[in-house]
Each structure stands twice: as structure tokens, then as C-alpha cells.
Amino acid sequence: VHTIESDRTSLSKDSFKRAFLDNLFYTQGKFLQVATHMDYYLALAYTVRDRLLYRWVSTATAYTDHASRTVSYLSAEFLMGPSLGNNLINLGILEEVRQAIAELGLDLNDLLDQEAEPGLGNGGLGRLAACFIDSLATLELPALGYGIRYEHGIFYQTLRDGWQVENTDNWLRYGNPWEIRRPEWSVEVKLGGYTETYTDAEDRHRVRWVPAKTVVGVPFDSPILGYRVNTANTLRLWSAEATQSFDFEIFNRGDYMGAVNKKVTSENLSKILYPNDETPQGKELRLEQQYFFVACSLQDMFRILQGQGVSIERFHEKFAVQLNDTHPAIGVAELMRILVDDYVLPWNDAWSITTRTFGYTNHTLLPEALERWPLELFRRVLPRHLEIIFEINDRFLHDVRIAFLGDDAKVRALSLIDESGERYVRMAHLASVGSHAINGVATLHSELLKKDVLADFHALWPHKFYSVTNGVTPRRWLALANPRLSELLHDTIGDGWIRDLDRLRELEAYADDPAFGARWREIKRANKVQLAELIAKRTGIEVNPDSLFDVQVKRIHEYKRQHLAVLQVIAMYHRLKSNPSAEILPRTFLFSGKAAPGYFMAKLMIRLITAVGDVINYDPEVRGRLKVVFMPNFSVTTGQRIYPGADLSEQISLAGKEASGTGNMKFAMNGALTIGTMDGANIEICEEVGAENFFTFGMTAEEVDARRRAGYDPRAVVESNPELYAVVELIRNGLFSRGDTELFRPIVDHLLTHDTYMLAADYASYSACQYEVDEAYRDVARWTRMSVLNVARSGRFSSDRSIDEYAGKIWKISPVSVPLL
Ligand code: 26V
């Protein structure tokens, strides 16, 4: 093995160049003169992969030898973003490879641009899983990420006449050099059918599930290398295939087309990612997807357990299984089914193993986002699991009746089955009952969980509740995304921050250093120039790099209130039109984000942004002082280019609605200041960086509640605020829709009547706060100081800190150092 390493996968520049040319020739079948950029990218990716594989095999060996306790992170989404750059960072060879590639007459950036982004997630939840998997490896913790290998990830967004258009993503078109198919570890998954009882040879009463169909799950593994360590964990994504028997049917039966159709249906299971972030739709295929990947993953864990000769009763000692929201919550019933039906364990023993295995992370407080499945649909797909859920529920409600003597309302409220109308299975309740740990993703969110959504569970089991504030990986979001700032950090405080982000504190000493400040500003300016180029390329809009870059990038949702920012933009425009010579601070408003395809209001919000841009951007009187840009197709890749160029980060959700937010952390880490509500992790960011370095506005979560209880009348608020009234009138009169007074009526009407997310109530405070932003930005030294301190104090928001907390408090796992073979 030593010779394999030194001959084939050494990190020296010469060996790297040789390997690259070798791969170009023997993997891509091309020579330099005819190779495309895609060929070069793939050759480079394989060259890097070889170097990962050596660490991967070493890691697998170390874990097997230690029989280490392992966390299985179950997530329906892993929004990984491109791998090449990240792997080069984590191997510590980015600059060396850039040079080696340059010596071959190529530009590394051009090759990095070739990689298709695996968009296997919607937004925050999927990206969090990706940051966590990076931190797990960096902290040398034994971990497996389990998910779905969607053939089509999140849709590709374009704009047509200012409206969002969805295009199917096809990330696998040129193949994926980072994955290895492992057909030898394929498993079968049953679906549908019915159950029956029988007596086995040992005279035991048992239940048999007679499924209607069986599909095969094939694992595709990708190595996840930690930063500058030998640990390379596995991300194992399952792909659905038809069983062999379909192929036989195809040959033997007359109904050729019918058989082929059945095959296609099986393969549909991992075809497409549902794009409905925050509003589950109760679609049968979605429940099948969830069960599919969970059933595959649990079988895989049993295989690993058996491979290590560990007995079934010790499942929970070997594995800590974390449920990333309720999407994998069916795992609770599936593990019970395996233990009780297949291994014939007594119910109580099985239940003890199950609850000691699972942890549940909740990611949302929005009531409409809580997953529930119509009972009849559930029975159709998973008849045995429904029986098991009923049994879990019976036993659970028995305890509830004792704990809350005579309180029938509590029984109804806590039940795993919602029986208030059409009957549903409540997945958050299943996850809560079946787990030993329940956590929110920021302090406020965890408190609200205990007070609101899961209050009755908290009353029952206070000891189960935890809070782990989210974090993001500084490798991708700082070292890779912002090379200029990273270089300055390198020159000033060294590179320790990349694995210990608290080390950024050492920057505090430079916050008032004029020479350092000048470099700081040059870097931000250069990043803005680069971002301006990207904006021009993607939208044709020219923006001024000396204007304040005011950025809101995230999924488009009413609770996130992109339209609150738009109201403010219109107010600034109105001010300028009323007094064209007014001294206004030039601003560029940049919006980016996807709307769920069926979410009408969100799509209309995008149309409003583009419509306002169409008027303001081309109004000669504005003289370029205001620009409004909607950048299509927000993704990990575009995020990496946007965060480093932002001056101001908009985090303006209605307090109590954004569980945490993670974009807020990426901005702060890259030196943007935040204008934000006291919501989610904003509160903690404000606390860390200091209120004097953060722009807060709006009602607190408590004030929101009080205000609503007191009776909220948005129309009265609008009518009593002349600025806001004028803004609403301008939209209503069709200024942004060529006189069409219908187009934006749903937004205006909703604002005046229900205003569910209370834009009107927060408007005045937001507007006043934006004046403070202007004032701070005009004081160059002050803004620089604030920006430096935001970066210096962002250490807490590394996902390394989050993972360290999960590992210690919830998973009880510890690092295993990996020697190279
Ligand atoms: C729901 C559904 C419903 C079915 C279709 C697919 C799908 C995908 C996602 C979701 C729920 C998404 C919940 C979510 O993303 N929450 C966000 O989680 C972030 C990480 O914890 C957090 O920072 C955000 O505040 C929170 O909105």
C-alpha cells in the first residue's frame, strides 16, 4: 500500500501533473489538444479522487478496527454544492494544484466552473446537512450521511418576462466522478400490500407483511474528506432500481410494455426532489421516497453491525441515528418493525433500543410545514408501519392519561394521529415519541418549540429537549468562497481559523488599524467588482461597485418578507423622484432565490422585484443611484460568489418564524453587516458581534404575539404612515405594471387585510433602521471597524461548534484518529 501512495497518489506537484495527464488519456480518452474543458475537469476530479480514496480506505479500516460508535445522519436532502474546490481546500493543495494546472496552460477556475452542482436539496435544511457532514469529518468523528440520489435535483430557475420559469435539473449528464456505485450492498425495499398473522415453527404469534411491490436500493458512495485530516467519511445516497424479476417478466410475459412500465415506476422513487420547501403536499411518491431511503439505510446499518459481529440488542450502542426534520421519521416505525417482526424481540426491548437510537432535529415552526400523512394514504403505502404506529400510540397515550389525569384534550393534542377531521399521522409526534433527544436549531427556536409546537411533549419529557444553534462550514464559506479575505487572514493571523474559527478573535486587534482597514476595503471592493461582473453576465444589468451592496438571498417565502425589502426600495425611489437632487447613498439591491413552483404568492413576489427593477434601473432621473437586481438560479455555487461581495445582509423574517437561518452566518463571516429582526440565529449573531455592530429592527417574537392578540389592523397602520401609504398606492396604481392594477393586487390586498407576516407593523422601524445603515456606511472607518468585528466574532457560527455540541450532548461519540495505511 505504501508504494501505491507514493507512486500513484502523492501530493507532490509533479506526481499530480503526471496523474492528471494520465487520467486525461486513460479515463477520458483524450490528449491535450482535443480535450474539452469538461475533459480537463473530469481528469482533475479523478486525480483528486484517487487521493481521497487512499484516505477513505484508511478511514474505513480504522473504523472497522475500532468498531467505533457512529452517527448516521439521515436526511432527505444534502445540498452539497460542487466538490472539487472543497476537496482541494481540505487536502490543503488548492494553490499547488492551481499552479500545476497553470503550468499545463490551463486556468483552475475554468475547470472548477465545469462542475455541475448536485442540487439535492431545497435550502437551509439540505445545506445544513452538507455543512454538518464536512464538520463531522474535520472533527474526525465516525459518521455516515444517508440520503437519496435524486436523478433531478432542485429545478434550474430562469426568468421569462420577469416571472420564474422552472427547468429540470440534470446534474448527472456528464457523470459524477465523486461517486462510486456499490451494487454489492444493494438492498430490497417493500411497499404496499397487506399484513397477516401466522404462527411460526416455534409456535410464536407473528405478523407478516405481504407487500405489493419490491424495489431495489443501490448505494452510491462519495468520500467526504475532513480539513487537513486523514478522515474521509461516507455520504451514501440511495438510488431506486427495479428488481431483477422485472427483467425476467419482460422476457417471459406477453405484456412487454406493461412490464417495462412497472420497471419505470420503481425507478421513479429516486427520480426527483420535491421542490416544496416549507409546505408538504401529502403526495404518495414523497412518502415512498422517505420510506425508501430510511429502509435502505437501516438495513445498511444492520449489515455493518453484523459485519462487526455486534448483537442486534446493541444496535443503539453502535449507532446514533439523527433525523434531519421529520422526513426520515418513519425510521422509528421501521426500526421497530425490524426488531419485532424480523428479529422477534419483545416490544419493550425493541422500544428501548429504538428510543435510545434516535435523535430528532426540528427545523421549522410554521404550522403548515409540519408533515402529516392522510391515514388512508399511509395505510396504502405502509400497512404494517401503520399498525406499529397505532401500537406505539396506544402505549404512549396510556402514559399520557396517567401524566395528565382526566385531561382528554391532552390526549387528543399529543396523539400520533390527528383525529380532528380527516385523520392524519403526525410525523413530528412520531419523531418526538421515538427519540431520546429533540432539538431546535437556534436558542429562540428551541424555546418556542418548548412553549408552542411541542409544549405538551416538553411538559411530559423536559429532559429530552436540547438546543443546538446551527453553523456553517468555514472551509467552503470562507476559505473557498473568499480567497482574497482568506489571504489577508493568512497574512494577519495565520491559518488556524480554518479549523478553529474562534481564532478569528485575533482580528479584533486590527479593527482600528488604518493600514489593515485599507486592505480590508480593497478586498471588499475587489469582491464587489467580481460580483458586478457576474450580475452583468447573468442579468445584463450594470451595477456600480461603489454603491452599497444590499443583499437578500434565500428561498422566496412570505415569512422571509422579501416584499418588505421591496416596499423600502420603492420608498427610496419615491424620495428620489420627489427630490431628484436629494443626497442619497447609492445602493444596489440584490435579490436571489427560488420559489416553490406551486406557491403563487412567492412567484408574484419575484415578479414584483423584477417589475420594480424594470422601472428604477432605467429611470434616467435615478442616474444609477439605485439598482434592483434579481439574479436567477440561486444555488450553492452562486452563493459562494455573492456572500463575499455583500455589504449588507438582509435577515428580515417576522420574529418567531425563521428557525435559525444560516445565510445570515455566511454573510457575517464574509464581512457583511446585518440588518435583521430578533429572529432565529440573528439574535445570537447580534449578541456575539455586539449590538453596536448590528442593525436590529422590528417586533420581538413576544411583541408579535401581543400585537396579534391585541387585534392587528394592517390597513390602519398603512394609512397612518404617509411613506408606507404612498408606496402601497404606487404599486396599487400600476406604476410597476404599466398601469395594470390587477397584477399585484394579491400582494396589496393581503397587505391591507390580513398581512399574516406583519410587514406593515414592522415597516416604520425597518425604514428608520435603513437610515442608520446609510449613516454608518458614510463613515468609512466606522463601517470598516464594524465589518472587521463581525468577522472577528463569527467564530461561534462554525458548524464545527454545532457538531461538537451534537457529538457531546446528543450522540455521545468521540473522535477516532485515522492512521494512513
Ligand atoms: C419541507 C418539505 C416538505 C415536502 C417537500 C420537501 C420539503 C423540504 C423541506 C421542508 C422543510 C424545510 C425546513 C427548512 O428548511 N427549515 C430551515 O432549516 C434551516 C436549517 O436548520 C434553518 O436555518 C431555517 O431557518 C429553516 O427555515
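Being a predicted model, the structure only gives us computed values, none of them experimental. Counting convention: from 1, in listed order, for ligands and their atoms alike.
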Exam field: side chain R793 to backbone E688, donor-acceptor pair closer than 3.5 Å: no
Hey, is R801 close enough to E805 for a salt bridge, meaning N to O under 4.0 Å? yes
Do W238 and F292 have ring centroids that are under 6.0 Å from one another? no
Looking at F457, is K464 sitting on its ring face, NZ or CZ under 6.0 Å from the six-membered ring centre and within 45 degrees of the normal? no
Against the six-membered ring of F220, is R149 placed for a cation-pi contact (under 6.0 Å from the centre, within 45° of the normal)? yes
Student check: side-chain heavy atoms of M605 and H557 closer than 4.5 Å: no
Using a 4.0 angstrom limit on heavy atoms, which residues are close to ligand 1? E77, N122, G124, L125, L128, Y274, N276, D277, E278, P280, R286, H327, H363, V441, N470, Y559, E658, A659, S660, G661, T662
